[in-house]
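In what follows, chains carry the letters A, B, and so on, assigned in the order in which the sequence lines appear, proteins first and then strands, with residues in each chain numbered from 1. Model, not experiment: these values are computed from the prediction.
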Number of protein chains: 2
Amino acid sequence: MRIGELAERAGTTPRTLRYYESRGLLPARRGSNGYRAYDESDLRLVEQIKVLQDFGFGLEETRPFVECLRAGHPEGDSCPASLAVYRRKLDELDALIGELESVRAKVRGQLERAEEARARLAAEAELPGGPEPLCELAEAALSADAAVPAHVTYENKG
Amino acid sequence: MRIGELAERAGTTPRTLRYYESRGLLPARRGSNGYRAYDESDLRLVEQIKVLQDFGFGLEETRPFVECLRAGHPEGDSCPASLAVYRRKLDELDALIGELESVRAKVRGQLERAEEARARLAAEAELPGGPEPLCELAEAALSADAAVPAHVTYENKG
DNA sequence: GTAATCCTTGACGCCGACGTCAAGGAAAGC
DNA sequence: GCTTTCCTTGACGTCGGCGTCAAGGATTAC
(Lines give C-alpha, C1' and ligand atoms only; values in the text may rest on other atoms or scores of the structure.)
Protein backbone atom coordinates (compact mmCIF):
# COMPACT_ATOMS: atom_id res chain seq x y z
CA MET A 1 0.00 0.00 0.00
CA ARG A 2 1.31 3.43 -0.87
CA ILE A 3 0.95 6.62 1.09
CA GLY A 4 -2.14 7.90 -0.72
CA GLU A 5 -4.12 4.74 -0.07
CA LEU A 6 -3.08 4.55 3.57
CA ALA A 7 -4.03 8.17 4.03
CA GLU A 8 -7.42 7.65 2.47
CA ARG A 9 -8.16 4.50 4.44
CA ALA A 10 -7.13 6.20 7.66
CA GLY A 11 -9.09 9.33 6.87
CA THR A 12 -6.09 11.60 6.76
CA THR A 13 -3.60 13.03 4.25
CA PRO A 14 -0.21 12.01 2.88
CA ARG A 15 1.27 15.15 4.36
CA THR A 16 0.16 14.09 7.80
CA LEU A 17 1.66 10.62 7.42
CA ARG A 18 4.99 12.06 6.26
CA TYR A 19 4.85 14.34 9.27
CA TYR A 20 4.34 11.37 11.58
CA GLU A 21 7.30 9.68 9.94
CA SER A 22 9.43 12.77 10.44
CA ARG A 23 8.61 12.55 14.14
CA GLY A 24 9.61 8.89 14.23
CA LEU A 25 6.08 7.68 14.85
CA LEU A 26 5.47 5.96 11.55
CA PRO A 27 8.60 4.45 9.98
CA ALA A 28 8.11 3.42 6.37
CA ARG A 29 9.74 0.79 4.22
CA ARG A 30 10.61 1.88 0.72
CA GLY A 31 9.91 0.20 -2.58
CA SER A 32 12.52 -0.01 -5.36
CA ASN A 33 11.04 3.16 -6.83
CA GLY A 34 11.59 5.10 -3.61
CA TYR A 35 7.90 5.12 -2.74
CA ARG A 36 6.89 4.47 0.86
CA ALA A 37 5.32 1.05 1.35
CA TYR A 38 2.82 0.34 4.14
CA ASP A 39 0.81 -2.65 5.32
CA GLU A 40 -2.21 -3.27 7.53
CA SER A 41 -0.24 -2.91 10.75
CA ASP A 42 0.67 0.61 9.71
CA LEU A 43 -3.01 1.34 9.30
CA ARG A 44 -3.51 0.29 12.89
CA LEU A 45 -0.78 2.67 14.01
CA VAL A 46 -2.37 5.59 12.20
CA GLU A 47 -5.79 4.72 13.55
CA GLN A 48 -4.38 4.60 17.06
CA ILE A 49 -2.84 8.01 16.61
CA LYS A 50 -6.09 9.39 15.25
CA VAL A 51 -8.15 8.17 18.18
CA LEU A 52 -5.78 9.75 20.65
CA GLN A 53 -5.58 12.96 18.67
CA ASP A 54 -9.36 13.14 18.82
CA PHE A 55 -9.03 12.85 22.58
CA GLY A 56 -6.81 15.91 22.47
CA PHE A 57 -3.54 14.05 23.01
CA GLY A 58 -0.46 15.71 21.64
CA LEU A 59 1.56 13.71 19.12
CA GLU A 60 4.29 12.98 21.65
CA GLU A 61 1.69 11.54 23.98
CA THR A 62 0.70 9.00 21.37
CA ARG A 63 4.25 7.67 21.13
CA PRO A 64 3.98 5.08 23.93
CA PHE A 65 0.84 3.67 22.31
CA VAL A 66 2.45 3.49 18.90
CA GLU A 67 5.60 1.88 20.22
CA CYS A 68 3.50 -0.58 22.18
CA LEU A 69 1.72 -1.63 19.01
CA ARG A 70 4.97 -1.81 17.08
CA ALA A 71 6.40 -4.03 19.81
CA GLY A 72 3.73 -6.56 18.90
CA HIS A 73 1.26 -5.99 21.68
CA PRO A 74 -2.40 -6.54 20.88
CA GLU A 75 -3.44 -2.99 21.78
CA GLY A 76 -1.69 0.34 21.97
CA ASP A 77 -2.61 0.57 25.63
CA SER A 78 -1.31 -2.87 26.54
CA CYS A 79 1.83 -1.30 27.97
CA PRO A 80 2.34 0.47 31.30
CA ALA A 81 3.71 3.59 29.64
CA SER A 82 0.43 4.00 27.80
CA LEU A 83 -1.57 3.61 30.99
CA ALA A 84 0.60 6.25 32.60
CA VAL A 85 -0.29 8.62 29.76
CA TYR A 86 -3.98 7.85 30.26
CA ARG A 87 -3.71 8.69 33.94
CA ARG A 88 -1.74 11.84 33.35
CA LYS A 89 -4.30 12.93 30.78
CA LEU A 90 -7.15 12.28 33.17
CA ASP A 91 -5.47 14.49 35.74
CA GLU A 92 -4.93 17.18 33.14
CA LEU A 93 -8.54 16.94 32.03
CA ASP A 94 -9.78 17.22 35.59
CA ALA A 95 -7.63 20.26 36.20
CA LEU A 96 -8.65 21.89 32.94
CA ILE A 97 -12.35 21.20 33.42
CA GLY A 98 -12.12 22.60 36.92
CA GLU A 99 -10.50 25.78 35.66
CA LEU A 100 -13.04 26.17 32.91
CA GLU A 101 -15.91 25.73 35.33
CA SER A 102 -14.37 28.34 37.57
CA VAL A 103 -14.08 30.71 34.65
CA ARG A 104 -17.62 29.98 33.58
CA ALA A 105 -18.89 30.86 37.03
CA LYS A 106 -16.94 34.10 37.02
CA VAL A 107 -18.11 35.09 33.55
CA ARG A 108 -21.68 34.29 34.45
CA GLY A 109 -21.34 36.42 37.56
CA GLN A 110 -19.97 39.29 35.49
CA LEU A 111 -22.79 38.97 32.99
CA GLU A 112 -25.44 39.00 35.67
CA ARG A 113 -23.88 41.96 37.43
CA ALA A 114 -23.61 43.91 34.18
CA GLU A 115 -27.17 43.10 33.17
CA GLU A 116 -28.41 44.24 36.53
CA ALA A 117 -26.49 47.49 36.25
CA ARG A 118 -28.02 48.15 32.84
CA ALA A 119 -31.47 47.39 34.21
CA ARG A 120 -30.93 49.89 36.99
CA LEU A 121 -29.85 52.57 34.53
CA ALA A 122 -32.87 51.88 32.36
CA ALA A 123 -35.16 52.14 35.36
CA GLU A 124 -33.62 55.46 36.40
CA ALA A 125 -34.09 56.77 32.88
CA GLU A 126 -37.80 55.92 33.12
CA LEU A 127 -38.24 57.94 36.27
CA PRO A 128 -39.34 61.56 35.98
CA GLY A 129 -36.40 63.89 36.27
CA GLY A 130 -33.99 61.11 35.37
CA PRO A 131 -30.88 61.61 33.23
CA GLU A 132 -31.08 62.01 29.48
CA PRO A 133 -31.26 58.57 27.87
CA LEU A 134 -28.20 58.47 25.67
CA CYS A 135 -28.00 56.05 22.78
CA GLU A 136 -25.16 53.57 23.22
CA LEU A 137 -23.58 54.40 19.92
CA ALA A 138 -24.36 58.09 20.12
CA GLU A 139 -22.51 58.32 23.42
CA ALA A 140 -19.40 56.91 21.82
CA ALA A 141 -19.67 59.32 18.90
CA LEU A 142 -19.90 62.30 21.23
CA SER A 143 -16.28 62.26 22.26
CA ALA A 144 -14.28 63.13 19.17
CA ASP A 145 -11.05 61.37 20.07
CA ALA A 146 -12.93 58.14 20.76
CA ALA A 147 -14.09 57.86 17.16
CA VAL A 148 -13.59 54.69 15.19
CA PRO A 149 -9.85 54.04 15.04
CA ALA A 150 -8.75 53.89 11.43
CA HIS A 151 -5.18 53.08 12.27
CA VAL A 152 -5.39 49.31 12.68
CA THR A 153 -1.78 48.42 12.02
CA TYR A 154 -0.98 44.74 11.92
CA GLU A 155 2.46 43.50 12.78
CA ASN A 156 4.82 42.71 9.93
CA LYS A 157 2.07 43.28 7.44
CA GLY A 158 2.09 46.89 6.43
CA MET B 1 3.34 57.85 32.58
CA ARG B 2 5.64 56.07 30.14
CA ILE B 3 5.33 52.58 28.83
CA GLY B 4 7.60 50.94 31.38
CA GLU B 5 5.68 52.29 34.33
CA LEU B 6 2.31 51.41 32.85
CA ALA B 7 3.54 47.91 32.13
CA GLU B 8 4.81 47.46 35.65
CA ARG B 9 1.67 48.84 37.26
CA ALA B 10 -0.47 46.60 35.08
CA GLY B 11 1.70 43.58 35.70
CA THR B 12 2.71 43.15 32.09
CA THR B 13 5.52 44.17 29.74
CA PRO B 14 6.17 47.06 27.36
CA ARG B 15 6.23 44.58 24.48
CA THR B 16 2.70 43.52 25.32
CA LEU B 17 1.45 47.10 25.47
CA ARG B 18 3.02 47.89 22.10
CA TYR B 19 1.36 44.79 20.76
CA TYR B 20 -2.03 45.97 22.03
CA GLU B 21 -1.41 49.29 20.38
CA SER B 22 -0.54 47.58 17.11
CA ARG B 23 -3.92 45.85 17.28
CA GLY B 24 -5.66 49.16 17.85
CA LEU B 25 -6.65 48.31 21.42
CA LEU B 26 -4.46 50.80 23.24
CA PRO B 27 -3.83 54.01 21.31
CA ALA B 28 -1.07 56.12 22.81
CA ARG B 29 -0.39 59.80 22.81
CA ARG B 30 3.20 60.80 22.20
CA GLY B 31 5.43 63.18 24.08
CA SER B 32 7.71 65.65 22.32
CA ASN B 33 10.50 63.10 22.59
CA GLY B 34 8.50 60.47 20.75
CA TYR B 35 7.82 58.44 23.89
CA ARG B 36 4.36 57.02 24.44
CA ALA B 37 2.44 58.84 27.17
CA TYR B 38 -0.28 57.13 29.21
CA ASP B 39 -2.62 58.13 32.03
CA GLU B 40 -4.76 56.37 34.60
CA SER B 41 -7.54 55.65 32.14
CA ASP B 42 -5.06 53.66 30.06
CA LEU B 43 -4.25 51.61 33.11
CA ARG B 44 -7.92 50.74 33.36
CA LEU B 45 -7.93 49.59 29.75
CA VAL B 46 -4.96 47.32 30.29
CA GLU B 47 -6.45 45.93 33.47
CA GLN B 48 -9.68 45.20 31.64
CA ILE B 49 -7.79 43.35 28.93
CA LYS B 50 -5.87 41.37 31.51
CA VAL B 51 -8.96 40.22 33.35
CA LEU B 52 -10.54 39.00 30.14
CA GLN B 53 -7.33 37.35 28.99
CA ASP B 54 -7.26 35.45 32.28
CA PHE B 55 -10.76 34.28 31.43
CA GLY B 56 -9.37 32.88 28.21
CA PHE B 57 -10.78 35.58 25.96
CA GLY B 58 -8.90 36.24 22.77
CA LEU B 59 -7.62 39.76 22.24
CA GLU B 60 -10.27 40.49 19.64
CA GLU B 61 -12.93 39.51 22.14
CA THR B 62 -11.71 42.18 24.53
CA ARG B 63 -12.19 44.90 21.94
CA PRO B 64 -15.84 45.70 22.75
CA PHE B 65 -14.94 46.09 26.43
CA VAL B 66 -12.03 48.36 25.66
CA GLU B 67 -14.02 50.49 23.26
CA CYS B 68 -16.80 50.70 25.81
CA LEU B 69 -14.39 52.06 28.39
CA ARG B 70 -12.86 54.44 25.88
CA ALA B 71 -16.34 55.70 25.04
CA GLY B 72 -16.57 56.90 28.61
CA HIS B 73 -18.73 54.21 30.13
CA PRO B 74 -18.13 53.35 33.78
CA GLU B 75 -17.32 49.68 33.08
CA GLY B 76 -16.05 47.75 30.11
CA ASP B 77 -19.19 45.66 30.21
CA SER B 78 -21.60 48.58 30.30
CA CYS B 79 -22.24 48.14 26.58
CA PRO B 80 -24.46 45.59 24.83
CA ALA B 81 -21.61 44.40 22.61
CA SER B 82 -19.67 43.37 25.69
CA LEU B 83 -22.64 41.48 27.08
CA ALA B 84 -22.95 39.68 23.76
CA VAL B 85 -19.34 38.57 24.09
CA TYR B 86 -20.02 37.34 27.62
CA ARG B 87 -22.95 35.28 26.39
CA ARG B 88 -21.06 33.89 23.45
CA LYS B 89 -18.18 32.95 25.74
CA LEU B 90 -20.54 31.21 28.13
CA ASP B 91 -21.88 29.14 25.26
CA GLU B 92 -18.38 28.30 24.13
CA LEU B 93 -17.38 27.35 27.64
CA ASP B 94 -20.41 25.12 28.01
CA ALA B 95 -19.65 23.41 24.73
CA LEU B 96 -15.98 23.00 25.56
CA ILE B 97 -16.60 21.71 29.06
CA GLY B 98 -19.10 19.24 27.65
CA GLU B 99 -16.60 17.97 25.11
CA LEU B 100 -13.89 17.66 27.71
CA GLU B 101 -16.19 15.72 30.02
CA SER B 102 -17.06 13.43 27.18
CA VAL B 103 -13.39 12.87 26.45
CA ARG B 104 -12.65 12.33 30.11
CA ALA B 105 -15.33 9.63 30.27
CA LYS B 106 -13.91 7.93 27.20
CA VAL B 107 -10.34 8.05 28.44
CA ARG B 108 -11.40 6.72 31.82
CA GLY B 109 -13.24 3.90 30.07
CA GLN B 110 -10.16 3.09 28.04
CA LEU B 111 -7.98 3.11 31.13
CA GLU B 112 -10.29 0.79 33.01
CA ARG B 113 -10.58 -1.58 30.08
CA ALA B 114 -6.81 -1.67 29.59
CA GLU B 115 -6.16 -2.21 33.30
CA GLU B 116 -8.64 -5.05 33.33
CA ALA B 117 -6.97 -6.64 30.32
CA ARG B 118 -3.60 -6.46 32.03
CA ALA B 119 -5.07 -7.97 35.19
CA ARG B 120 -6.45 -10.87 33.16
CA LEU B 121 -3.09 -11.49 31.54
CA ALA B 122 -1.37 -11.39 34.93
CA ALA B 123 -3.88 -13.85 36.34
CA GLU B 124 -3.36 -16.23 33.41
CA ALA B 125 0.38 -16.04 33.92
CA GLU B 126 -0.13 -17.11 37.53
CA LEU B 127 -2.06 -20.21 36.52
CA PRO B 128 -0.10 -23.45 36.07
CA GLY B 129 0.62 -24.11 32.40
CA GLY B 130 0.06 -20.48 31.60
CA PRO B 131 2.07 -18.56 28.99
CA GLU B 132 5.62 -17.43 29.64
CA PRO B 133 5.55 -14.09 31.44
CA LEU B 134 7.37 -11.76 29.09
CA CYS B 135 8.88 -8.56 30.38
CA GLU B 136 7.32 -5.54 28.80
CA LEU B 137 10.57 -4.11 27.62
CA ALA B 138 12.09 -7.48 26.77
CA GLU B 139 9.22 -8.18 24.44
CA ALA B 140 9.93 -5.01 22.52
CA ALA B 141 13.60 -5.86 22.28
CA LEU B 142 12.86 -9.31 20.87
CA SER B 143 11.77 -8.09 17.47
CA ALA B 144 14.84 -6.63 15.82
CA ASP B 145 13.11 -4.21 13.49
CA ALA B 146 11.14 -2.74 16.38
CA ALA B 147 14.27 -1.57 18.14
CA VAL B 148 14.61 1.99 19.36
CA PRO B 149 14.42 4.23 16.33
CA ALA B 150 17.55 6.34 16.11
CA HIS B 151 16.35 8.21 13.08
CA VAL B 152 14.29 10.93 14.74
CA THR B 153 14.45 13.54 12.01
CA TYR B 154 12.89 16.85 12.85
CA GLU B 155 11.51 19.04 10.12
CA ASN B 156 13.65 21.93 8.89
CA LYS B 157 16.18 21.22 11.59
CA GLY B 158 18.76 18.84 10.29
C1' DG C 1 30.72 63.86 31.45
C1' DT C 2 29.50 59.47 31.21
C1' DA C 3 27.54 55.25 32.23
C1' DA C 4 23.34 52.88 33.06
C1' DT C 5 18.75 52.70 32.07
C1' DC C 6 14.86 53.77 29.39
C1' DC C 7 12.73 54.51 25.01
C1' DT C 8 12.03 53.83 19.71
C1' DT C 9 11.17 50.71 15.40
C1' DG C 10 11.91 46.50 12.89
C1' DA C 11 12.22 41.92 12.46
C1' DC C 12 12.78 37.09 13.55
C1' DG C 13 11.54 33.12 16.91
C1' DC C 14 8.29 30.09 19.28
C1' DC C 15 4.78 26.33 19.65
C1' DG C 16 1.83 22.26 17.12
C1' DA C 17 0.15 19.93 13.47
C1' DC C 18 0.01 20.15 9.66
C1' DG C 19 -1.52 23.04 4.59
C1' DT C 20 0.26 24.42 0.45
C1' DC C 21 3.25 25.28 -3.27
C1' DA C 22 7.24 24.02 -6.28
C1' DA C 23 10.17 21.24 -9.13
C1' DG C 24 10.86 17.00 -10.75
C1' DG C 25 10.50 11.65 -11.21
C1' DA C 26 7.31 7.29 -11.53
C1' DA C 27 3.19 4.96 -12.68
C1' DA C 28 -1.18 4.11 -14.71
C1' DG C 29 -4.87 4.61 -18.18
C1' DC C 30 -5.81 4.78 -23.10
C1' DG D 1 3.42 7.91 -26.80
C1' DC D 2 0.88 10.99 -24.10
C1' DT D 3 -1.69 12.75 -20.42
C1' DT D 4 -3.16 12.52 -15.87
C1' DT D 5 -2.31 11.14 -11.47
C1' DC D 6 0.69 9.80 -7.79
C1' DC D 7 4.99 9.97 -5.64
C1' DT D 8 9.42 12.38 -3.89
C1' DT D 9 11.94 16.23 -1.08
C1' DG D 10 12.28 20.95 0.45
C1' DA D 11 10.67 24.91 2.22
C1' DC D 12 7.56 28.53 3.56
C1' DG D 13 2.78 29.80 5.69
C1' DT D 14 -0.75 29.47 9.38
C1' DC D 15 -2.64 31.06 14.09
C1' DG D 16 -2.01 34.04 18.91
C1' DG D 17 0.36 36.47 21.92
C1' DC D 18 3.79 37.81 22.74
C1' DG D 19 9.68 37.00 23.77
C1' DT D 20 13.93 38.43 22.32
C1' DC D 21 17.49 40.62 19.88
C1' DA D 22 19.47 44.62 17.27
C1' DA D 23 20.66 49.33 16.33
C1' DG D 24 20.18 53.66 17.71
C1' DG D 25 18.24 57.92 20.38
C1' DA D 26 16.57 60.06 25.13
C1' DT D 27 16.71 60.37 29.96
C1' DT D 28 18.42 59.87 34.41
C1' DA D 29 21.79 58.99 38.19
C1' DC D 30 25.98 60.10 39.93
I'd like to know if B/Arg18 reaches the base of C/dT8 with its side chain, counting only an N/O donor and acceptor under 3.5 Å.
no
Please list, in numerical order, the residues of residues 85-92 of chain A that have a heavy atom closer than 4.0 Å to any atom of DNA chain D.
none
Give a yes/no answer on whether the side chain of A/Tyr20 brings an N or O atom under 4.0 Å of OP1 or OP2 in C/dA17.
no
Using OP1 and OP2 only, check whether a side-chain N or O of A/Gln53 sits under 4.0 Å from C/dC18.
yes
Does one hydrophobic cluster hold both B/Tyr38 and B/Val66, with members joined at side-chain heavy-atom distances below 4.5 Å?
yes
B/Asp91: partners by side chain to side chain donor-acceptor pair (under 3.5 Å), with sequence neighbours left out:
none
From CZ of A/Arg63 across to P of C/dA17 the rounded distance in Å is 11 Å
Name every residue in residues 35-46 of chain A that has at least one heavy atom under 4.0 Å from any atom of DNA chain D, in order of residue number, or write none if there are no such residues.
A/Tyr35, A/Arg36
Might you list the N or O atoms of the protein lying below 3.5 Å from N or O atoms in nucleotides 28-30 of chain C, with each pair's distance?
none

Rounded distance in Å - NZ (A/Lys50) to P (C/dC18):
10 Å
Before accepting this row, confirm whether a basic side-chain N of the pair B/Arg9/B/Glu40 lies closer than 4.0 Å to the acidic partner's carboxylate O.
yes
Rounded to the nearest 0.5 angstrom, the CZ-CD distance for B/Arg23 and B/Glu60 is 6.5 Å
Measure the distance from CD on A/Glu5 to C1' on C/dA27 and round it to the nearest whole Å.
15 Å
Checking A/Arg118 side chain against B/Ser78 main chain: does a donor-acceptor pair fall under 3.5 Å?
yes
Strictly below 4.0 Å: does B/Thr13 bring a side-chain N or O up to OP1 or OP2 of D/dG19?
yes
B/Glu8: what forms a salt bridge (charged side-chain N to carboxylate O under 4.0 Å, His left out) with it, not counting sequence neighbours?
none
Which sits closer to the 5' end of DNA chain C, A/Ser32 or A/Thr16, going by the nucleotide each is nearest to?
A/Thr16
Nucleotide D/dG17, atom P - distance to CD of B/Glu21 in whole Å
17 Å
B/Arg30 atom CZ is separated from D/dG25 atom C1', nearest whole Å, by 14 Å
So the side-chain hydrogen bond (donor to acceptor under 3.5 Å, both in side chains) pairs with at least one residue in residues 25-35 of chain A (sequence neighbours excluded) are A/Arg29-A/Asp39, A/Arg29-A/Asp42
Just the rounded figure in Å: distance from P of C/dG16 to CD1 of A/Ile49.
16 Å
Rounded to the Å, how far apart are A/Arg29 CZ and D/dC7 C1'?
17 Å
Looking at B/Glu92 and A/Arg104, is any side-chain nitrogen of the basic one under 4.0 Å from a carboxylate oxygen of the acidic one?
no
For the side chain of B/Arg113 and the backbone of B/Arg108, is there at least one donor-acceptor N/O pair under 3.5 Å apart?
no
Nearest whole angstrom, please: distance from the P of C/dC7 to the CG of B/Asn33.
11 Å
CD (A/Glu99) and CD1 (B/Ile97) are apart, to the nearest 0.5 Å, by 11.0 Å
